[in-house]
Amino acid sequence: MKKLGILVSGRGSNMMAIEHACKHGELSANIELVISNNKNSLALALAQEKNIKTACIDSSIYPDSDASDKAMVEALDEHDIDFVLLAGFMKKVGPRVLSRYKHKVINIHPSLLPKFGGKGMFGINIHTAVLAAGEIESGVTIHLVNGEYDEGAVLTQQTVSIALDETPESLAAKVLKVEHVLFSKTIQKIIDGIILLPSD
Ligand code: GAR
């Protein structure tokens, strides 16, 4: 069983989809630890309800980004984490985590990156921008994390078609539904060696 550390900032629906997949044997892993940078995130409360260990690493506790980076490495190390999954984590991951967990930090993003990623591209903004650009499809990207928002090698993408009467809200719902399946499927493919992570 692989050990997952999940980073969250918000409502945690992707975290819950992974938890469900682990519990039902669709993903041969366990969520060992959930870390949030936001003490008010619904995801933290949901994880606690499921008796998953949680940690809040935020700017009210840690004086600067290096201190929180260090604390995050310590928390992940303590739980012997194999993969660090960003499931709606809205902060940059620090260099200490990225170096300690090199090629093991994975993000999900609700667009076909490199389109509609980066700073400011979160929540409904993404889907509004996709429709404003007249795209005929959108989708989900799962990628390795580097020090920038929504960058790093793409591991998998799945497209979602855009209907003529699509609204940002309807597109968001369609994309999220795909996310909930694709994240755990992709992690299982990594565990099974079907998707290969760089080894350097
Ligand atoms: C998800 O759509 C995820 O792809 C996105 O935030 C949402 C979190 O929802 N992540 C990003 O935009 C990262 N740049 P959730 O908290 O319900 O899983």
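What you see is a predicted model, and the numbers here were worked out from it, not measured in a lab. Counting convention: from 1, in listed order, for ligands and their atoms alike.
Heavy-atom contacts of Glu179 reach the following atoms of ligand 1: 1 (C), 2 (O), 3 (C), 4 (O) (cutoff under 4.0 Å). Below 4.0 Å from some heavy atom of Asn14 lie the following atoms of ligand 1, by number and element: 1 (C), 15 (P), 17 (O), 18 (O).
The protein heavy atom nearest to atom 10 (N) of ligand 1 is Ile108 O, 3.5 Å. Looking only at heavy atoms of the protein, atom 13 (C) of ligand 1 is closest to His109 ND1, 3.6 Å. Protein heavy atom at the shortest distance from atom 5 (C) of ligand 1 is Pro110 CD, 3.7 Å. Nearest protein neighbour of atom 8 (C) of ligand 1, counting heavy atoms only, is Gly88 CA, 3.5 Å.
Residues Asp150 and Lys119 are not paired through a salt bridge, judged by the lack of any N-O separation under 4.0 Å between the basic side chain and the carboxylate. Under the 4.0 Å criterion applied to side-chain N and carboxylate O atoms, Glu135 and Lys115 are assigned as salt-bridge partners. The existence of a salt bridge linking Lys92 and Glu148 is confirmed by a sub-4.0 Å separation between a basic side-chain nitrogen and an acidic carboxylate oxygen.
Note on ligand 1: Gly12 sits in its first shell, one or more heavy atoms being nearer than 4.0 Å. Ligand 1 lies within reach of Met90, whose nearest heavy atom is under 4.0 Å from it.
Between Asp150 and ligand 1, a contact under 3.5 Å exists for at least one N or O pair.
Contact detail for Ala172 and Ile124: the closest heavy-atom pair is CB-CD1, 4.1 Å. Across every non-hydrogen atom of Arg96 and Asp66, the tightest pair is NE-OD1, 2.8 Å.
Paired with Met72 under the rule side-chain contact (heavy atoms from CB on, under 4.5 Å), one option of Asn37, Val84, Asp77, Leu7 passes, and it is Leu7.
Here CG of Leu98 is found 10.5 Å from NE2 of His103. Values are rounded to the nearest 0.5 Å.
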